[in-house]
Amino acid sequence: MSSSTRHSPWPVLWRFLLLGCVSFGGPAAHIGYFRRAFVERLQWLDERQFGDLLALCQFLPGPASSQLGFAIGRQRAGLAGALCAFIGFSLPSLVLMYLLAVWGADVMAGPLAGVAQGMKLLAVVVVADAVWQMGRMYCRRRVALLLALLATVVLLLSSRMWAQYLVLLSGAAVGGWLLCERKETAGTAADGRWQWPPLVCFAALFLLLPLVADQPLSTLFNAFFQAGSLVFGGGHVVLPLLQQGLAGSLPADDFLLGYAAAQAVPGPMFSLSAYLGALLNPQLPLAGALLAVAGIFLPGFLLLLGLQGRWATLSRRRRVAGAVAGVNAVVVGLLLAALYRPLWQSSIHSAVDVGLVLAGIAALWFWRLPLLLLVAAFALVGALLY
């Protein structure tokens, strides 16, 4: 599909809303869900377009999977599609995290705990499928396969933010040197422009907000905006940044409860912001939650709006295309590492769990059962067994 083609945003909204209700497992699983839904089944974009967007989102601050959904929605239906993709994918988890802040921990107990465990097992299935399918696509050459395996080893040895950026930058450097094609693919003039208004807006907010934030609500928004501007490496990294930015505002136990709950609900881990924002503004918890959500997601989305059009042209240049190929190979390694930690470690506790995961993989690979049927099956099994 040409990036100039625009469709109605409403199908984008409900497709992402369905995914937002079932996408357990964190960013690695989200990438798998997106690829299966929008590349394989709906064919809203092809493998190359998906890989280009994924590489860009990996290098920007903020939640990579939410940015990837935002970019897919924008490519499908313009800015309205991007907003619909974000709302649809994030709304279920934001509502659950807000209810947790308002009603307490009881909202996460009962049958929902068993369903969440079933969805975690399905996330292992989805990530395993994504590793296999993306490995076949992005690791055909020996250099790419070696990059993926080395990235896996490094990320299993260290889960820190610097390790992820080390392998991404190394993959880009090696790919630009060894994986570039002989010919460049021509881009279109419409694709190649910087979008300066969102970039200027990001710079103004980042630089000026700390100077003018002197009221409770503006201070809250600034704390989350600064965190969203500086967090690289996904939701697991945002907790220490927020703890530093909100030092003394909330007890440590509240932070940890919200962090644990964000891993148990579907959708982006940055939904933690809705929980924290509601707790930080108890007089108007909904206003606090909305400001915190806007603050933490806005930086990455502004940067993506400013850079995505130019990236469409840059990614067709020979050296840049090689760098993208290297990053995509590293992403396969990142997914493989995430398949073990945290997914396998946090989801697989018994031989029954292993059997359910193997059955799910067989259902995807051999029987080609629809994903929605698998979601219903794993939710039912989770509610009955856990």
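In this text, all values refer to a predicted model and were calculated from it rather than measured experimentally. This chain uses plain numbering: 1 for the first residue, then up along the sequence.
No chain of hydrophobic side-chain contacts below 4.5 Å, direct or via other Ile, Leu, Val, Met, Phe, Trp or Tyr residues, connects Val331 to Leu146. The same ILVMFWY cluster, assembled from side-chain heavy atoms under 4.5 Å apart, contains both Leu168 and Leu156. Linking Ile, Leu, Val, Met, Phe, Trp and Tyr whenever their side-chain heavy atoms come within less than 4.5 Å puts Met137 and Leu335 in one cluster. Clustering ILVMFWY residues whenever any of their side-chain heavy atoms sit less than 4.5 angstrom apart, transitively, puts Leu54 in a cluster other than the one holding Leu145. Linking ILVMFWY side-chain heavy atoms closer than 4.5 Å, directly or via other members, places Leu280 and Leu209 in a single hydrophobic cluster.
Considering CD1 of Ile296 and CZ of Phe224, their distance stands at 6.0 Å, rounded to 0.5 Å. Note that CZ of Arg368 is 9.5 Å distant from CG of Leu364, once rounded to the nearest 0.5 Å. Going from atom CG of Leu91 over to atom SG of Cys84 covers 11.5 Å, rounded to the nearest 0.5 Å. Rounded to the nearest 0.5 Å, atoms CG (Leu290) and OG (Ser273) are 10.0 Å apart. Here the straight-line distance linking atom CG of Leu305 with atom CD of Gln67 works out to 10.0 Å at 0.5 Å rounding. Atoms CZ and OG, on Phe24 and Ser347 in that order, are 11.0 Å from each other to the nearest 0.5 Å.
Considering all non-hydrogen atoms of both residues, Gly73 and Val12 come closest at CA-CG1, 4.0 Å. The shortest non-hydrogen separation linking Asn281 to Ala287 is ND2-CB, 4.3 Å. Residues Ala292 and Leu220 come closest through the heavy atom pair N-CD2, 3.7 Å. Here the closest heavy-atom approach between residue Ala29 and residue Val126 is recorded as O-CG1, 3.8 Å. Taking all atoms of both residues into account, the shortest heavy-atom contact from Pro92 to Cys21 is CG-SG, 3.8 Å. Nearest heavy-atom pair across Val167 and Val330 is O-CG2, 3.4 Å.
A distance-only check finds no donor-acceptor pair linking the side chain of Glu47 to the backbone of Val39 [under 3.5 Å]. For the pair Ser90 (side chain) and Ile87 (backbone), a donor-acceptor distance under 3.5 Å is absent. Looking at Arg319, its side chain does come within 3.5 Å of a backbone N or O of Gly176 through a donor-acceptor pair. The closest donor-acceptor contact from the side chain of Trp311 to the backbone of Asp52 lies under 3.5 Å. Distance alone, capped at 3.5 Å, places no donor-acceptor pair between the Arg317 side chain and the Gly322 backbone. Distance alone, capped at 3.5 Å, places no donor-acceptor pair between the Ser93 side chain and the Gly267 backbone. Checking side-chain atoms of Ser271 against main-chain N and O of Pro268 turns up a donor-acceptor pair under 3.5 Å. Between the side chain of Ser218 and the main chain of Gln215, a donor-acceptor pair closer than 3.5 Å is present. Between the side chain of Arg341 and the backbone N or O of Ala337, no donor-acceptor pair lies under 3.5 Å.
Put simply, the side chain of Leu304 reaches to within 4.5 Å of the side chain of Cys57, judged on heavy atoms. A heavy-atom distance below 4.5 Å is found between the side chains of Gln75 and Leu53. Using a 4.5 Å cut-off on side-chain heavy atoms (C-beta onward), Pro299 and Leu60 make no contact. Between Val354 and Leu358 the shortest side-chain heavy-atom distance falls below 4.5 Å. Using a 4.5 Å cut-off on side-chain heavy atoms (C-beta onward), Ile72 and Leu45 make contact. Contact annotation: the side chain of Asp353 approaches that of Gln117 to within less than 4.5 Å [non-hydrogen atoms, C-beta and beyond]. Within the 4.5 Å cutoff, the side chain of Arg15 has heavy atoms near those of the Trp44 side chain. Residues Ser249 and Leu276 are not in side-chain contact: their nearest non-hydrogen atoms beyond the backbone lie 4.5 Å or more apart.
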For the pair Phe70 and Phe86, evaluate ring pair (Phe, Tyr, Trp, His ring centres under 6.0 Å) and give the outcome as yes or no after the intermediate values.
CA-CA 6 Å; Phe70 188 87; Phe86 165 66; 7.3 Å; no
Taking it one step at a time, do Tyr33 and Phe38 satisfy ring pair (Phe, Tyr, Trp, His ring centres under 6.0 Å)?
CA-CA 8 Å; Tyr33 280 110; Phe38 302 119; over 10 Å; no
Could you go through Phe378 and Leu374, starting from their C-alpha distance and side-chain angles, then the distance that decides it, and tell me whether this counts as side chain to side chain contact (heavy atoms under 4.5 Å, CB included)?
CA-CA 6 Å; Phe378 273 82; Leu374 284 178; 4.3 Å; yes
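Val200 belongs to no hydrophobic cluster, as no Ile, Leu, Val, Met, Phe, Trp or Tyr side chain comes under 4.5 Å of its own. Grouping Ile, Leu, Val, Met, Phe, Trp and Tyr residues whose side-chain heavy atoms lie under 4.5 Å apart, directly or via other members, places Leu384 in a hydrophobic cluster with Leu380.
A donor atom on one side chain and an acceptor atom on the other are found under 3.5 Å apart for Asp129 and Trp365.
Between Tyr275 and Tyr98, the ring center distance fails the sub-6.0 Å criterion.
The aromatic rings of Phe89 and His30 stand perpendicular to each other, their planes meeting at an angle above 60°, with 30° marking the opposite boundary. Taking the six-membered ring where the residue is Trp, Phe225 and Phe202 present tilted rings, their angle falling between 30° and 60°.
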